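Each ligand, and each atom within it, is numbered from 1 in the order the structure gives. All figures in this text were calculated on a predicted structure; none of them were measured in a lab.
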Amino acid sequence: MKTVAAPRVLIVGTGFSGLCMAIRLKEAGIDDFVILEKASEVGGTWRENTYPGCGCDVMSLMYSFSFAPNRRWTRMYARQPEILDYIRRIVDDYDLAPHIRFDSAVVAYDFDEATDRWAVRTAAGDVYRPRIVAAGPGPLHKPSIPAFPGRDRFTGNVFHSAEWDHSVDLTGKRIAVIGTGASAVQFVPEIAKQAAHVDVFQRTAHWVLPKLDRAITPTEKHLFRTVPGVQKTYRGAIYWSHESLIAGFMHPRLMGALERAARGLLRHQVRDTALRATLTPDYTIGCKRILLSSNYYPTLQRENVDLVTSGIAEFTETGIRTDDGAAHDADVVVFGTGFEIADRFASEHIVGRGGLSIQEAWRDGMEAYLGVAVSGFPNFFLMMGPNSGGGNQSIVFVIEAQAHYILECLKLMDGHEATRIEVRGGTQRDFNRRIHQKLAGSVWNSGGCDSWYLDRTGRNRAVWPGSSASYWLRMRRPGVDDFDLSSAEDRDEEDYRGPAVLEGAGLRLAVEVHLTGHLDPLDGHYHWYGQVAGDDRIADLKRPDAGVPTLRIGDGPLVDAILAERDPWGHFRITGVGAPPFALDDLLV
Ligand code: NAP
């Protein structure tokens, strides 16, 4: 492992979030940043998702940075290639390429308390030591593939919508599509044109509104290019029409008009009353993400398409068997089953202050402050983190607000000559208590459905409970009282790096430790923590029958220690409460 750079800011991801952050840094005169990208191309979700018909169900004029309007949109709702093209042009226009390191998937983030820098390790073994991390991995990033019984038995082609296998020619094939969400309603109409037969497996009906898509006319394009303010006026009109919908999302009784529009589409496009009943949801519109499509219902009524509503019992060698005993033969199975949202950090190695892992911090569910800062993880900013998603608005708007906020946090650090910024635990708790109170009555929580907005416990971890304008306002300026700001030089903390002896399970091991600690104002005890390495037998001391290991430095006190999991660097985390094994002012203990 080698340290390749120690930039001021490390950005992760080249989707809209990462690029927006980079542009804002450049505009503020900060050039000391690196962007790590796991792939060999920019684009985030718009690089990953290439399924037939892939596009955005947010109007294109709202789906660009406010500071970089796209004069080239060809449609009111842009398709994936156009959006990816826009993102590539952004990289060129803002000269971001020199900052990007491709094929650099991050595998571990560890906060170094001695230097107030993160050690960010890539799969290739490179280590970056930035002061600040701005991570924009995207919430819809990890495909969710349910573990249906016998899933591996199927001998045909299988892939997820976000990992479309373009080498598989669908012409004349029998295709099984599982899922009827935002992705499926876009690709089912496209593949039905090619396939011999498509079975669409619907578990829950979704509300669908017509997609009022059309080409942007030559006159409009001309006006956008030549008359200042016209495109901005269009964008403003779209923004405020979307914004007005938030009242219904927060107060579901106001959703009547939208539900009538959705029922109208269903009545108009589906004449068969039995099929119409099957496609009519039994929950309030908006509870699950509302789908926009004018060709999904007509597609379901094609000769070569069947809607299957019996549950999936198992996969067989030749297809799918449903709970009613029917066999649905298929050559190809496509999972349109969405993404792991609430568990998306379950296997991430992010270890902050005091050896706190993101899994421990979020054992009761993901939570952040304003979707960007997490207590226990100094100098680390998430983009599109928990409860920052716009339920009714373009996510690009939200991302811009977040990039602005993070930049303001950097300025706050400068103003205080701080090397560390961390949101206060109390601030984060109060904030989350308030937003979850507000969300309780919203359509996402109380509309009578299950959705990816809610985690296993039924808490909404996805959506901001209000208008995007209210989010934007909150993100204008970070409150200095919301954060702890300090500098590594001034911090009154003890720190020990060196040899020690670890004992337990009949073993006496000479090890190397790096320890620090702090007096916790809440419980009044000194908490010490750090890393231990140097002997492969340390793992033996973690056996359930090994008892409590002890640690001693030189001829210092013998103290009980707790050993935790091994990190990717080969260190074990070690913690303890009470007198630490290293010299410390007695008054502090
Ligand atoms: P999704 O909306 O989460 O839909 C997943 C579908 O798979 C649902 O119909 C779900 O049924 C079904 N499903 C999941 N697990 C299943 C199981 N075990 N058995 C049977 N069915 C199962 O996923 P998505 O369509 O990929 O879209 C995800 C998100 O991506 C969207 O909500 C949206 O935010 C984003 N997206 C955006 C656009 C855009 O145009 N902006 C386009 C595509 C996607 P249930 O409803 O019963 O759970």
Side-chain angles (χ1 to χ4, degrees), residues 15-16 44-46 48-60 62-63 75-80 82-83 138-149 151 159-164 176-190 199-209 211 213 242 278-279 281-283 286-293 296 300 307-315 320 322-323 328 333-344 384 388-399 444 447-454 462-463:
F16 273 105
T45 195
W46 298 107
E48 304 283 301
N49 284 275
T50 59
Y51 56 77
C54 182
C56 189
D57 57 16
V58 174
M59 289 179 109
S60 46
M62 260 318 287
Y63 209 74
R75 307 197 62 78
M76 295 308 273
Y77 289 91
R79 296 286 176 91
Q80 176 263 346
E82 266 193 89
I83 302 172
L140 304 168
H141 176 79
K142 295 196 168 159
S144 164
I145 301 186
F148 293 112
R151 197 180 67 192
F159 49 85
H160 186 275
S161 60
E163 294 167 340
W164 199 271
V177 173
I178 304 176
T180 53
S183 303
V185 296
Q186 293 184 346
F187 68 75
V188 167
E190 298 304 316
D199 281 324
V200 179
F201 292 79
Q202 171 187 286
R203 182 167 68 178
T204 315
H206 291 230
W207 288 107
V208 183
L209 287 172
K211 189 172 187 177
D213 194 15
H242 282 64
T278 309
L279 290 168
D282 59 1
Y283 53 83
C287 183
K288 281 175 185 283
R289 190 185 162 99
I290 301 171
L291 307 181
L292 295 190
S293 176
Y296 178 62
L300 293 179
L307 184 67
V308 182
T309 54
S310 182
I312 295 172
E314 61 169 348
F315 276 42
I320 291 171
T322 41
D323 290 336
H328 304 268
V333 174
V334 183
F335 286 102
T337 41
F339 300 86
E340 286 176 12
I341 315 272
D343 287 340
R344 66 191 151 116
M384 294 169 71
S388 62
N392 63 318
Q393 199 52 275
S394 167
I395 197 68
V396 182
F397 182 84
V398 172
I399 287 168
W444 304 294
C449 77
D450 190 15
S451 77
W452 60 258
Y453 299 128
L454 309 179
V463 185

Option set [options], criterion heavy-atom distance to [atom], minimum:
atom                    : options                : result
atom 2 (O) of ligand 1  : S161, A182, G338, A78  : A182
atom 44 (C) of ligand 1 : P281, G181, G389, S183 : S183
atom 5 (C) of ligand 1  : G336, P143, C449, A462 : G336

Heavy-atom closest pair, residues [X] and [Y]:
X    : Y    : answer
L291 : H206 : CD1-CB, 3.5 Å
M384 : P139 : CE-CD, 3.1 Å
G179 : A184 : O-CB, 3.2 Å
P281 : L279 : CD-O, 3.3 Å
P143 : E163 : CG-OE2, 3.6 Å

Report the nearest protein non-hydrogen atom to [atom]: residue, atom name, distance rounded to 0.1 Å.
atom                    : answer
atom 12 (C) of ligand 1 : G179 CA, 3.6 Å
atom 47 (O) of ligand 1 : T204 OG1, 2.4 Å
atom 13 (N) of ligand 1 : T337 CG2, 3.8 Å
atom 41 (N) of ligand 1 : D57 OD1, 2.9 Å
atom 9 (O) of ligand 1  : T180 N, 2.9 Å
atom 15 (N) of ligand 1 : R203 NH2, 3.6 Å
atom 37 (C) of ligand 1 : R289 NH2, 4.1 Å
atom 3 (O) of ligand 1  : W452 CD1, 3.3 Å

Compute the ring centroids of Y51 and F159, then answer whether they are less than 6.0 Å apart. no

Does some side-chain heavy atom of N49 sit less than 4.5 Å from a side-chain heavy atom of L140?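 Of all side-chain heavy-atom pairs linking N49 with L140, none is under 4.5 Å.
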
Does any N or O in the side chain of W207 come within less than 3.5 Å of the main-chain N or O of C287, such that one atom is a donor and the other an acceptor?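 No.
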
Applying a heavy-atom cut-off of 4.0 Å, say which part of [X] lies close to ligand 1: side chain, backbone, both or neither.
X    : answer
K288 : side chain
F148 : side chain
L140 : side chain
Y51  : side chain

Check the angle between the aromatic planes of H328 and F201 and answer parallel, tilted or perpendicular using the 30° and 60° thresholds.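 Ring orientation of H328 relative to F201: perpendicular.
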
Is it the case that more than 12 heavy atoms not belonging to D323 sit under 6.0 Å from its CG atom?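 Enclosed.
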
List ligand 1 atoms under 4.0 Å from G55, heavy atoms only on the residue side. 39 (C), 40 (O)

